[in-house]
Amino acid sequence: QVQLVESGGGLVQAGGSLRLSCAASGRTISTKAMGWFRQAPGKEREIVATINYSGGSTYYADSVKGRFTISRDNAKASMYLRVNMLKPEDTAVYYCAARNSGSISYSGYDYAYWGQGTQVTVSS
């Protein structure tokens, strides 16, 4: 089992930045691809970004490309999401997830482990 805990969310003005963190415990995540997803009120969960086991391969949703940066530090059992140039439409609960494969996946159904989420609210 892998336990994931997100942190770093908050209320920020449009154009601002945040750094979301995901701390893992339990089994090692060094062989697992991980991802960030988000869910806004009344909307379905969507992929934000995903990273493979080594950090050598990443994927970003078009809506965040160029503004968000995903990274990981396997030695610290952690994953991060740097979010810049925030927009009101980025407001959502952001979830950290890990899957039992080292390859990235765009689908939330491929991820076995999930955190509880951290709220990001962007005011205009």
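This structure is a prediction, so every number in the text was calculated from the model and none was measured. Only heavy atoms go into these numbers, but all of them, side chains included; no hydrogens, no water, no symmetry mates.
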**Study point:** Test item: E6 side-chain N/O and G117 main-chain N/O as donor-acceptor pair under 3.5 Å
**Key:** yes

Review point. Is there a side-chain contact between V48 and F68, using heavy atoms and a 4.5 Å cut-off?
Key: yes

Practice item. Mind listing the closest non-hydrogen atom pair of R72 and A33 along with its distance? Key: NH1-CA, 4.0 Å

Exercise for review: Could I get the full list of side-chain contact (heavy atoms from CB on, under 4.5 Å) partners for V2, not counting sequence neighbours?
Suggested key: L4, A24, R27, I29, K32, Y113

**Study point:** Closest heavy-atom pair and its distance - G8, L18
**Key:** O-CD2, 3.8 Å

**Study point:** Residues clustering with I104 (ILVMFWY side chains joined when closer than 4.5 Å, directly or via others)
**Key:** F37, I47, Y59, V93, Y95, Y106, Y111, W114

Review point. Quick one: do the S30 and T28 side chains pair a donor with an acceptor below 3.5 Å?
Key: yes

Check your understanding: Looking at S124 and A14, what are the two nearest heavy atoms and their distance?
Key -> CA-CB, 4.4 Å

Review point. Taking atom OG of S17 and atom CG of L86, what is their separation to the nearest 0.5 Å?
Key: 6.5 Å

Review point. For E89, what residues pass the salt bridge (Lys or Arg N to Asp or Glu O under 4.0 Å) criterion, not counting sequence neighbours?
Key: none

Practice item. List for me each residue that meets salt bridge (Lys or Arg N to Asp or Glu O under 4.0 Å) alongside R67, sequence neighbours excluded, and say none if there are none. Key: D90

Practice item. Please answer: with hydrophobic residues joined when any side-chain heavy atoms are less than 4.5 Å apart, are Y94 and I51 in the same cluster? Key: yes

Exercise for review: Taking all non-hydrogen atoms of both residues into account, name the closest pair between G66 and M85 and its distance.
Suggested key: O-CE, 3.6 Å

Review point. With distance as the sole test, does T91 use its side chain to make a donor-acceptor pair with the main-chain N or O of T121 at under 3.5 Å?
Key: no

Check your understanding: Any side-chain heavy-atom pair from W36 and I70 closer than 4.5 angstrom?
Key -> yes

Review point. In chain order, what residues pass the side-chain contact (heavy atoms from CB on, under 4.5 Å) check against S25, with sequence neighbours excluded?
Key: Q3

Exercise for review: Flag yes if more than 12 heavy atoms outside Q119 fall under 6.0 Å of its CD atom; otherwise flag no.
Suggested key: yes

Practice item. Identify, with sequence neighbours excluded, every residue that meets side-chain contact (heavy atoms from CB on, under 4.5 Å) alongside S54. Key: N52

Point to revise | Smallest separation among heavy atoms of R38 and S63, with atom names | key: NH2-OG, 3.5 Å

Revision key, fill the gap. The residue among V120, L20, T69 that forms side-chain contact (heavy atoms from CB on, under 4.5 Å) with L81 is L20

**Study point:** Worked check of side chain to side chain donor-acceptor pair (under 3.5 Å) between S78 and D73
**Key:** CA-CA 5 Å; S78 295; D73 185 339; over 6 Å; no

Practice item. Give, for atom OG of S71 and atom CZ of R82, the distance between the pair rounded to the nearest 0.5 Å. Key: 10.5 Å

**Study point:** T50 side chain to M34 backbone, donor-acceptor under 3.5 Å
**Key:** yes

